[in-house]
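Here the structure is laid out as structure tokens; the discussion comes afterwards.
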Amino acid sequence: MSTAAPTARGWALADAFNRAAPTYDAMVALSPGYHEQLLGAARSLLDRLPAPDGSPLTVLDLGCGSGASTQALLQEWRARGGAADRLAVTGVDMSEGMVAQARAKSWPAGVDLVVSDAVAHLESLPADSVDGILACYLLRNVPDRERLVREMARVLRPGGAVVIHDYSVKGSTRARAIWAGICHGVIIPLAVVKGSDVPLHRYLYTSVRDFDSVARICERLLGA
């Protein structure tokens with residue numbers, strides 16, 4: 001499978017996440033509500049999955065990173081009384097470093113973690129082959145978003161569900177101002193002080209600032 005990554009301002013995004021991988025979990029732990037928001041996204045997906053037909057439900061966690069979103073899926077599944085062998089989750093991320101962090105954690109047998117570009121992984125799957133897709137903080141990092149959502153639609157079984165969780169500030173002057181203030185006043189300076197990957201944090205700011213509006217995201221999904 002492809003491990004090629006998009007580039008932004010001359011540096012490879014996958015390489016930046018590789019560098020950040022050893023401290024990524026500690027970094028996001030400082031973000032208020034980060035894990036609770038992932039649980040909310042996982043809850044939304046599980047609410048919409050088709051009823052089991054005897055075989056395990058199959059879910060893709062695209063952009064799984066260090067595994068926090070995959071853990072959220074499993075936590076919610078267990079909270080509903082779901083048996084471990086009734087849910088198969090494939091976590092996909094283009095960063096080898098992030099997937100290595102995920103693989104170092106403890107997982108049930110039904111979890112597989114793959115290093116791949118999300119679009120390339122989707123294109124390797126048969127049509128109508130998965131029940132659900134979770135994509136947290138992924139869509140804005142994919143250059144060809146139309147291709148991504150088209151492939152999501154192709155691999156979903158009838159009645160399947162997609163949940164996209166991301167930051168979007170376009171279309172709201174207030175949201176853009178708050179995002180700029182948080183990034184320039186807190187996130188980027190903290191990265192400098194902690195010796196973190198400053199270009200990655202700057203990319204975080206610009207990727208959200210320039211990302212689609214919520215209305216545009218919905219248009220993409222409906223179009224697919």
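If you're wondering where the values come from, they're calculated on a predicted model, not measured in any experiment.
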**Prompt:** Once the angle between the rings of Tyr167 and Trp179 is folded into 0 to 90°, is it parallel (under 30°), tilted (30 to 60°) or perpendicular (over 60°)?
**Reply:** tilted

**Message:** Among Leu45, Val111, Ile133, Val130, which residue satisfies the side chain to side chain contact (heavy atoms under 4.5 Å, CB included) criterion with Val59?
**Reply:** Leu45

**Complete:** Which of Val149, Asp144, Val142, Leu62 passes side chain to side chain contact (heavy atoms under 4.5 Å, CB included) with Val119? Answer is Val142

**Prompt:** Which is it for Arg43 and Arg48 under the side-chain contact (heavy atoms from CB on, under 4.5 Å) test, yes or no, and what are the steps along the way?
**Reply:** CA-CA 9 Å; Arg43 193 174 302 124; Arg48 291 162 174 81; over 6 Å; no

Side-chain heavy-atom pair [X], [Y] within 4.5 angstrom cut-off:
X	Y	answer
Lys170	Phe211	no
Trp107	Leu113	yes
Val115	Asp93	no
Val208	Thr206	no
His165	Leu134	no

**Prompt:** Should Arg154 and Glu123 be marked as a salt bridge (Lys or Arg N to Asp or Glu O under 4.0 Å) after you check the CA-CA gap, both sets of side-chain angles, and the distance that decides it?
**Reply:** CA-CA 9 Å; Arg154 184 186 66 82; Glu123 290 178 338; over 6 Å; no

**Request:** Decide yes or no on side-chain contact (heavy atoms from CB on, under 4.5 Å) for Asn18 and Glu96, but give the supporting numbers first.
**Result:** CA-CA 6 Å; Asn18 288 341; Glu96 293 183 12; 4.3 Å; yes

**Prompt:** Val186, Ile178: one ILVMFWY side-chain cluster at the under-4.5 Å cut-off?
**Reply:** no

**Item:** side-chain hydrogen bond (donor to acceptor under 3.5 Å, both in side chains) contacts touching residues 55-75 (sequence neighbours left out)
**Value:** Asp25-Ser66, Asp53-Ser55, Thr58-Asp131, Thr58-Arg157, Asp61-Ser69, Asp61-Thr70

